[in-house]
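See structure below.
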Amino acid sequence: MHAVKHTMILGMTAILMMLVSNVCLGAGIPDKVSISSIQKYYDPVSFNHAAHINNLKDCGLCHHHTTGAQVTDPNCARCHKNSGAQATVSCKGCHTADPFTPEALKQQRDQQPPIYHRDKPGLKAAYHASCLGCHQKMSGPTGCQDCHKRNDGGDALFKSGKYAPKAPAKPKAAHH
Amino acid sequence: MIERRDFLKGCLACGVTAATVSVAGTSAMAAGSFEGYPDAMGVLVDLTRCVGCRSCEAACNNEQKLPEPDLPFDDLSVFSEKRRTTEKAYTVVNEYKVADKDTLFRKIQCNHCTEPACLSSCFVNAYTKTKEGAVIYDASVCVGCRNCMIACPFNIPAYSYSSPLNPLVKKCIFCYDTRVKDGRPPACVEICPQQVMTFGRRSDLVKLGHDRIQANPGKYVDKLYGEKAVGGTSWMYLSSVDFDKVGLDGHIQNEPIISNVKDFLGFVPMVLSIWPALFTGVHLLATKNKDGHHDHEEGDHQ
Ligand code: SF4
Ligand code: SF4
Ligand code: SF4
């Protein structure tokens with residue numbers, strides 16, 4: 001029973017995927033996405049979008065309902081079961097890079113109707129929730145620098161590499 | 001020299017403030033009735049999201065211009081012990097084994113209580129609860145008595161011992177003067193890759209916290225830690241396991257700590273008003289024999 005349902009869902013997703021790619025994506029789907037939102041501390045990530053599409057086949061895993069994929073989260077499904085593909089699909093199209101500025105907080109407070117999307121993570125958290133959350137489940141890489149190499153600014157912040165503390169705790173203890 | 005003069009000045013100040021405290025003490029508000037400033041900000045901490053990357057520790061060190069740490073912030077060996085906040089680290093992340101394989105991380109810092117025990121225990125009035133929600137302090141009046149350290153239910157205030165005669169309280173100030181005062185989120189909140197911390201108006205966060213519990217059945221224990229604890233805190237927590245398992249006292253009282261000491265405080269002012277004088281006296285006696293010039297020098301400068 002469960003298996004049948006599963007195959008059905010897979011089949012439906014496949015059809016949807018084909019439909020979707022014919023309808024609105026095609027040339028619009030980037031094979032690579034360069035993510036540089038924390039370049040102060042880390043080199044940009046060159047995200048292999050094409051490989052992830054091949055591996056996962058389900059756009060909705062990352063793009064929720066926006067590509068027209070069937071949403072599984074019951075909270076989302078209440079409104080977006082049939083809401084179809086949207087004009088905005090990129091992460092940064094909806095998730096703001098600075099979610100806690102006074103303006104962003106005010107916008108969230110004033111939004112109408114006031115009950116939906118109130119707990120929407122910022123861009124950085126959205127990336128990490130999607131990437132890291134999935135990598136943890138599917139045994140993908142999970143170390144910080146597995147995805148983005150820390151640069152000089154990051155080393156300085158983390159007091160690591162050439163900025164590592166010169167006098168470690170040990171010699172200090174030796175004085176006593 | 002300088003330190004000693006500061007100390008003496010401090011003592012004079014205590015004499016004066018102790019008197020004011022005694023007045024404030026008698027008109028003490030009914031503890032627990034203070035709802036907090038309406039626009040006070042807060043932080044909702046979701047323990048299920050933290051991955052223990054220690055970025056928040058690094059950001060705090062940088063923002064607060066704290067001394068160099070003993071180990072780099074990417075060194076994960078620190079998780080082998082349970083750390084507490086120190087004069088060099090206003091926030092630390094600890095790891096808790098919560099089940100066979102599961103661990104949760106918790107970032108520790110001042111919770112910015114609505115009715116702070118540190119504030120009510122301080123007899124020189126070093127602490128202030130700002131309308132933005134931050135509990136800040138004026139280190140220049142701190143006499144290093146460590147009352148606040150004992151009073152704080154979360155074991156937060158630390159002391160700098162670099163100057164033995166002038167130990168100053170050190171703790172997280174909610175990034176008040178560099179950020180929260182201007183409505184910007186604290187450095188640790190901003191850098192966190194997982195948005196473990198949600199910054200916003202405290203009253204909104206209480207609602208958001210309960211909404212998140214409701215929207216994710218089975219994910220969280222049905223409690224927003226800090227909504228009521230010790231009269232409410234600005235930093236509040238969501239967890240997937242009992243709070244005792246992550247080093248937070250799940251049975252902590254809902255009344256502010258001041259309720260415990262209120263009666264006691266009624267007696268204190270008298271003691272306090274003679275205490276500084278006593279200190280000064282002892283101090284003078286102790287130093288006079290060693291170096292008689294000091295008093296002349298002090299006199300000359302004043
Ligand atoms: S930065 Fe965020 S995820 Fe990393 S240790 Fe701190 S609270 Fe946890
Ligand atoms: S957590 Fe401790 S130091 Fe922070 S406001 Fe509360 S009593 Fe004061
Ligand atoms: S709020 Fe500011 S001072 Fe407090 S722990 Fe975070 S970065 Fe440090």
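Order of the sequence lines fixes the chain letters, A, B, ..., with proteins taken first and strands second; residue numbering starts at 1 for each chain.
Scanning all heavy atoms of the two residues, the minimum distance from A:Ala129 to B:Gln194 falls at N-OE1, 4.2 Å. For B:Glu68 against A:Tyr163, the heavy-atom pair with the smallest separation is OE2-O, 4.5 Å. The two residues A:Lys124 and B:Glu190 make their nearest non-hydrogen contact at NZ-O, 2.6 Å.
Looking at B:Asn61, only its side chain comes within 4.5 Å of chain A, counting heavy atoms on both sides. Contacts between A:Gln136 and chain B at a heavy-atom distance below 4.5 Å involve the side chain alone, from C-beta outward. When heavy atoms are compared at a cutoff of 4.5 Å, B:Leu44 does not approach chain A at all. Only the side chain of A:Asn75 has a heavy atom closer than 4.5 Å to any heavy atom of chain B. Heavy atoms of A:Ile38 lying under 4.5 Å from chain B are absent altogether. Residue B:Asp204 touches chain A through its side chain alone, counting heavy-atom pairs closer than 4.5 Å. Heavy-atom distances place no part of B:Glu57 under 4.5 Å from chain A, backbone and side chain included. If you measure heavy-atom distances from B:Met41 to chain A, the contacts under 4.5 Å come from the side chain alone. A:Tyr127 does not touch chain B: none of its heavy atoms, backbone or side chain, sits under 4.5 Å away.
The choice from B:Pro193, B:Ser55, B:Ala215, B:Ala58 that makes the most heavy-atom pairs within less than 4.5 Å of chain A is B:Pro193. Per-residue heavy-atom pair counts under 4.5 Å with chain B were compared for A:Pro74, A:Gly122, A:Ala156, A:Cys144, and the maximum is reached by A:Gly122. Across A:Pro121, A:Gly133, A:Ala126, the residue that shares the most heavy-atom pairs under 4.5 angstrom with chain B is A:Pro121. Between chain A and the residues B:Leu208, B:Asn62, B:Asp182, the most heavy-atom pairs under 4.5 angstrom are made by B:Leu208. Heavy-atom pairs under 4.5 Å with chain A were tallied for B:Arg184, B:Arg212, B:Arg49; the largest tally goes to B:Arg212.
One finds the NZ atom of B:Lys207 at 5.5 Å from the CZ atom of A:Arg118 (value rounded to the nearest 0.5 Å). Here the CG-CG distance, from B:Asp74 to A:Leu157, works out to 10.5 Å after rounding to the nearest 0.5 Å.
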Please report the C-alpha distance between B:Val51 and A:His128 in whole Å, then the side-chain angles of each, then the deciding distance to 0.1 Å, and finally whether the side chain to side chain contact (heavy atoms under 4.5 Å, CB included) criterion is met.
CA-CA 11 Å; B:Val51 293; A:His128 285 110; over 6 Å; no
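Heavy-atom contacts from other residues, nucleotides or ligands closer than 6.0 Å to NZ of A:Lys106 number 12 or fewer. Counting heavy atoms of neighbouring residues, nucleotides and ligands inside a 6.0 Å radius, atom CD of A:Gln111 exceeds 12 of them. In this structure, A:Lys40 places its NZ atom where only 12 or fewer heavy-atom neighbours from other residues, nucleotides or ligands lie under 6.0 Å away.
Heavy-atom proximity under 4.5 angstrom to chain B picks out A:Pro99, A:Phe100, A:Pro102, A:Leu105 from residues 92-105 of chain A.
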